[in-house]
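Below, chain A is the first sequence line, B the second, and so on; all start at residue 1. These numbers come from a predicted model, not from an experiment.
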Protein chains: 2
Amino acid sequence: MNRFYTITELTREFGISTRTLRYYEDEGLIQPERRGRTRLYRSADRHLIQEILRGRRVGLSIAEIREIIQVYKDPPGEAGQLRLLMRKVEEKREELRQKRKDIDDTLTELDNIEDSCLARLAEIGVRS
Amino acid sequence: MNRFYTITELTREFGISTRTLRYYEDEGLIQPERRGRTRLYRSADRHLIQEILRGRRVGLSIAEIREIIQVYKDPPGEAGQLRLLMRKVEEKREELRQKRKDIDDTLTELDNIEDSCLARLAEIGVRS
DNA sequence: GGCAAAATTGACTTATACGTAAAGGTCAGA
DNA sequence: TCTGACCTTTACGTATAAGTCAATTTTGCC
């Protein structure tokens, strides 16, 4: 099960382009192995890509994602840096909590729109 | 309480720039009144701006926000259009639910990062 | 009425996250 | 050897959502 994935396999699986994966590599988010010039992705890379895409979906920038990855690869050893990091993490968390609330509110609004559509449809339906 | 807001009052309240509000106006999202050339915002405009900003925060594009506003201003009267709209709304809702899940997952991940930071800090604390 | 502060428009610039086109390398199978 | 399906790099292009700047009005206030 320790196989490789090619770039197109992954693009198909995730519905993204090769450009995107090469871009992530340029930006230092992933470092697939190479055979000659061809990129070979391990399942760890595949996993990381999933997390990167999730990060993008929740609105993290490439730079922010890079920071998070960096923490996993090489967590800061110095107390001050750790505390700075924790502050940043707490900030992001607050941001995401707010975003979740925004989403809930928007979902409610979309519910309302749907309701008024249904009402309108009923109105029209009665008449026609 | 039926007062006006100036553009800078609103930019200060919402932490955005005048350029942004004018941009939203150019894009047809808001239509503040004018006294001479000066824009005067009613509290309805202020409210709408809040919703626009929330839409932006959850990842709606200007075009999508415009569509939603349009629905409120002038809901489609034809059954086919209504059904199309409902399909779109349902799509957006599914997207937002997914996004909500992504956010929850990311929050969990940030929790983990924080935990490992704390662990690390404890380690260092013990040694120093 | 005069003047500084605030507001306007229009044009140009910018950041992010890729898209796209050109030009070609690699390898398996017929 | 040829074809087709991949893969590569380099470089410029693009959409979105504003930011910036300059040159004018306009307004509020004394």
Under 4.0 Å between a side-chain N/O of [X] and OP1 or OP2 of [N], yes or no?
{"X": "A/T6", "N": "D/dC7", "result": "yes"}
{"X": "B/Y23", "N": "D/dG19", "result": "no"}
{"X": "A/R56", "N": "C/dC18", "result": "yes"}
{"X": "A/Y24", "N": "C/dA17", "result": "no"}
{"X": "B/S17", "N": "D/dG19", "result": "yes"}
{"X": "A/R34", "N": "C/dT26", "result": "no"}
{"X": "A/T38", "N": "C/dT26", "result": "no"}
{"X": "A/R39", "N": "D/dT9", "result": "yes"}

Open item on the list: Using a heavy-atom cut-off of 4.0 Å across all strands, would you classify A/T18 as base, sugar-phosphate, or nothing?
Closed with: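 Touches nothing.
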Nearest-angstrom distance from the residue atom [atom1] of [X] to [atom2] of [N]:
{"X": "A/F4", "N": "D/dC6", "atom1": "CZ", "atom2": "C1'", "result": "17 Å"}
{"X": "A/R19", "N": "D/dA15", "atom1": "CZ", "atom2": "P", "result": "16 Å"}
{"X": "B/R35", "N": "D/dT26", "atom1": "CZ", "atom2": "P", "result": "14 Å"}
{"X": "A/I65", "N": "C/dT16", "atom1": "CD1", "atom2": "P", "result": "13 Å"}
{"X": "A/I7", "N": "C/dC27", "atom1": "CD1", "atom2": "P", "result": "17 Å"}
{"X": "A/R66", "N": "C/dA17", "atom1": "CZ", "atom2": "C1'", "result": "12 Å"}
{"X": "A/F14", "N": "C/dA17", "atom1": "CZ", "atom2": "P", "result": "19 Å"}
{"X": "B/L10", "N": "C/dT8", "atom1": "CG", "atom2": "P", "result": "11 Å"}

- [ ] For the pair B/R12 and B/T8, evaluate side chain to side chain donor-acceptor pair (under 3.5 Å) and give the outcome as yes or no after the intermediate values.
- [x] CA-CA 6 Å; B/R12 275 178 197 145; B/T8 26; 5.1 Å; no
Task: Of A/E9 and A/D26, the one whose closest DNA chain D nucleotide lies more 5' - done: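 It is A/E9 whose nearest nucleotide is closer to the 5' end.
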TODO: Return the set of residues passing side chain to side chain donor-acceptor pair (under 3.5 Å) with A/S116 (not counting sequence neighbours), or none when no residue passes.
DONE: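 Scan of A/S116 (side chain to side chain donor-acceptor pair (under 3.5 Å), adjacent residues dropped) gives none.
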Please determine if [X] and [Y] form a salt bridge, counting it only when a charged side-chain N lies under 4.0 Å from a carboxylate O.
{"X": "A/E33", "Y": "A/R39", "answer": "no"}
{"X": "A/D105", "Y": "A/K101", "answer": "yes"}
{"X": "B/D102", "Y": "A/R57", "answer": "yes"}

Open item on the list: Using heavy-atom distances to pick each residue's nearest nucleotide on DNA chain C, tell me which of B/R12 and B/E25 is more 5'.
Closed with: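 Closest to the 5' end, via its nearest nucleotide, is B/R12.
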Open item on the list: Between B/R37 and A/R37, which residue's closest nucleotide on DNA chain C lies nearer the 5′ terminus?
Closed with: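 Comparing both residues, the 5'-ward one is B/R37.
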Task: Check: D/dT8 base within 3.5 Å donor-acceptor of A/R22 side chain - done: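 No.
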- [ ] Taking all non-hydrogen atoms of both residues into account, name the closest pair between A/S61 and A/R56 and its distance.
- [x]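 The pair with the smallest heavy-atom distance is CA-NH1, 4.2 Å.
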